[in-house]
Number of protein chains: 2
Amino acid sequence: MSRSGAELALLLLGGYRSLVDGAIAELSARGHHGVRPVHDFAMRAIAAGADNASELGRRLSVSKQAAAKTIAVLFERGYVERGPDPDDGRRKRITVTALGWEVMREGEAIFDELRQAWQHRLGAREFAEFEARLAALVGDATVRPESAGWVAHELDEG
Amino acid sequence: MSRSGAELALLLLGGYRSLVDGAIAELSARGHHGVRPVHDFAMRAIAAGADNASELGRRLSVSKQAAAKTIAVLFERGYVERGPDPDDGRRKRITVTALGWEVMREGEAIFDELRQAWQHRLGAREFAEFEARLAALVGDATVRPESAGWVAHELDEG
DNA sequence: AGACATGGACAACCATGTTGTCTATCGTCG
DNA sequence: CGACGATAGACAACATGGTTGTCCATGTCT
């Protein structure tokens with residue numbers, strides 16, 4: 001086989017970008033503009049209990065200041081709301097709004113549709129083998145929330 | 001299969017990161033610290049004829065100013081040299097140094113070793129199928145030099 | 001010769017991260 | 001109860017790697 005290791009890496013990156021760019025384009029077409037993977041990561045972490053800046057920073061492995069900036073963006077877009085924490089006067093509790101949940105739901109559905117399309121292109125059995133081998137190679141625990149920061153860049157436009 | 005489309009995307013990203021982080025770590029172990037994918041992209045483009053800032057910017061789909069900054073980094077590290085262009089007084093011609101070529105050669109070898117390791121983990125036939133299917137899904141033309149900018153971020157440390 | 005295009009340098013700005021500092025509040029311990 | 005250390009969040013300064021805009025020197029074309 002003449003393919004080099006570097007080409008393999010680029011194929012994997014290309015696959016990721018293809019899915020993410022497709023999802024972002026489709027989200028945009030459905031009225032949600034400028035959504036980036038980090039927004040989804042952050043909203044899910046907030047919904048899962050990281051409902052203040054410091055905790056969100058820890059979950060996403062970024063500084064609390066960076067998390068606060070992300071929250072500010074989500075707030076501007078109407079994806080989250082801020083309120084006082086009844087139990088702790090220092091904290092400001094973050095909650096995901098209905099709009100935020102909608103974006104997460106739509107994004108999930110779009111990714112599933114893209115996966116379906118891939119499945120059709122390859123055939124069910126071949127695709128299942130492909131996915132199983134990919135999982136075997138990468139391992140399910142490899143991509144952790146730390147990647148949220150990384151995937152934040154340059155995914156807005158094709 | 002219960003895997004979601006988003007998980008598929010994360011697996012692809014995880015695979016890419018796994019290879020790239022491995023390559024960067026191994027390059028570091030061999031004495032080349034802080035190499036990032038964009039350095040390799042840029043050096044290859046320079047070697048392939050994009051030997052001035054404006055042309056490099058065009059090849060990498062970034063502004064000539066951004067290309068000039070990248071060249072400045074490569075120059076600081078001793079990977080490229082700058083000289084006047086005998087045919088055009090405006091241009092400053094960039095050439096890859098012996099050190100730059102060494103980094104490219106080592107990087108290539110390391111990626112090939114990582115691919116070999118994957119091949120062993122899966123078995124030759126299964127890996128060939130996997131790679132062929134990945135290529136079929138992604139398409140060989142998907143990842144173009146435009147991605148150089150994107151892969152520039154946050155790959156220094158695991 | 002003169003008009004226009006191009007290469008490169010410089011400055012200002014943007015986005016997203018970092019560290020450091022400060023204040024308010026919490027929790028614990030004497 | 002009160003004091004002290006730890007934590008939450010705001011604010012400022014900075015790093016990195018992009019962008020645009022402007023400028024001058026040089027090349028190219030008519």
Side-chain angles (χ1 to χ4, degrees), chain A residues 24 33-42 45-46 49-77 80-94 145-158, chain B residues 34-42 45-46 49-77 80-95 145-157:
Chain A
I24 286 171
H33 305 285
V35 177
R36 291 182 304 126
V38 71
H39 299 151
D40 191 76
F41 268 84
I46 291 165
D51 62 353
N52 62 81
S54 294
E55 182 57 28
L56 182 62
R58 281 190 288 267
R59 296 276 185 102
L60 265 39
S61 295
V62 298
S63 63
K64 60 180 180 178
Q65 293 88 339
K69 290 182 189 181
T70 299
I71 290 170
V73 171
L74 295 176
F75 181 74
E76 275 171 26
R77 289 165 171 266
V80 303
E81 280 180 354
R82 268 184 281 224
D85 187 314
D87 300 330
D88 189 333
R90 297 168 302 177
R91 290 195 172 93
K92 302 201 176 159
R93 193 153 54 173
I94 316 298
E146 285 88 309
S147 300
W150 193 72
V151 298
H153 299 277
E154 299 294 314
L155 291 170
D156 315 279
E157 308 299 320
Chain B
V35 177
R36 290 182 306 127
V38 70
H39 299 151
D40 191 77
F41 269 84
I46 291 165
D51 62 354
N52 62 80
S54 294
E55 181 57 28
L56 182 61
R58 281 189 290 266
R59 296 276 185 102
L60 265 36
S61 295
V62 297
S63 62
K64 60 181 179 179
Q65 293 88 337
K69 289 184 188 180
T70 299
I71 290 170
V73 170
L74 295 175
F75 181 75
E76 276 171 26
R77 289 164 172 267
V80 302
E81 279 180 354
R82 268 185 281 226
D85 187 313
D87 300 329
D88 189 333
R90 296 168 302 176
R91 290 195 173 93
K92 302 201 175 159
R93 193 152 55 174
I94 315 298
T95 50
E146 284 88 308
S147 300
W150 193 72
V151 297
H153 300 277
E154 299 293 314
L155 291 169
D156 316 280
E157 309 299 321

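The model shown is predicted, which means the values in this text are computed figures rather than measured ones. To find a chain, count down the sequence lines: A is the first, B the second, and so on, and within it residues start at 1.
- With sequence neighbours excluded, the residues forming a salt bridge (Lys or Arg N to Asp or Glu O under 4.0 Å) with A/R58 are A/E55, listed by chain and number.
- By the side chain to side chain contact (heavy atoms under 4.5 Å, CB included) test, B/S63 pairs with B/Q65, B/A66, sequence neighbours left out.
- Between the C1' atom of C/dT25 and the NZ atom of A/K92 lies a distance of 12 Å, rounded to the nearest Å.
- In this structure, B/L60 atom CG and D/dT19 atom P are separated by 10 Å, rounded to whole Å.
- Counting heavy atoms from C-beta outward, A/L56 and A/I71 have side chains that approach closer than 4.5 Å.
- Between the CZ atom of A/F41 and the P atom of C/dT16 there is a distance of 16 Å, given to the nearest Å.
- Note: CG (A/L56) to C1' (C/dG17) measures 14 Å, nearest angstrom.
- B/A53 comes within contact range of the sugar-phosphate backbone alone, with a heavy-atom separation under 4.0 Å but no base atom that close.
- Of the candidate nucleotides C/dA9, D/dA8, D/dT19, D/dT19 has the atom nearest to the side chain of B/S63.
- Among the nucleotides C/dT18, D/dG17, D/dT19, the one closest to any side-chain atom of B/R36 is D/dG17.
- Distance, B/N52 CG to C/dA5 P: 19 Å, rounded to whole Å.
- As a whole-Å value, the separation of A/R58 CZ from D/dG9 C1' is 12 Å.
- Backbone-only contact: A/S54 has heavy atoms under 4.0 Å from sugar-phosphate atoms and none from a base.
- For A/D51, the side-chain hydrogen bond (donor to acceptor under 3.5 Å, both in side chains) test picks out no residue, with sequence neighbours left out.
- Whole-Å rounding puts the A/D51 CG to D/dG9 C1' distance at 14 Å.
- Closest-nucleotide positions on DNA chain D for B/V73 and B/Q65 were compared, and the one nearer the 5' end corresponds to B/V73.
- For A/K69 and B/R93, each mapped to the nucleotide of DNA chain C holding its nearest heavy atom, the one lying further toward the 5' end belongs to B/R93.
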With the sugar-phosphate defined as primed atoms, P, OP1 and OP2, and the base as all remaining atoms, what B/S/- string results for nucleotides 23-30 of chain D, 5' to 3', for protein heavy atoms under 4.0 Å?
--BBS---

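- Interatomic distance, A/I24 CD1 to A/R36 CZ, rounded to the nearest 0.5 Å: 8.5 Å.
- A straight line from CD of A/E55 to C1' of D/dA6 spans 15 Å, rounded to a whole angstrom.
- Partners of B/D88 according to the salt bridge (Lys or Arg N to Asp or Glu O under 4.0 Å) rule, which considers only residues two or more places apart in sequence or in another chain, are B/R90, B/R91.
- Note that CG of B/L74 and CD1 of B/I46 are 5.5 Å apart. Values are rounded to the nearest 0.5 Å.
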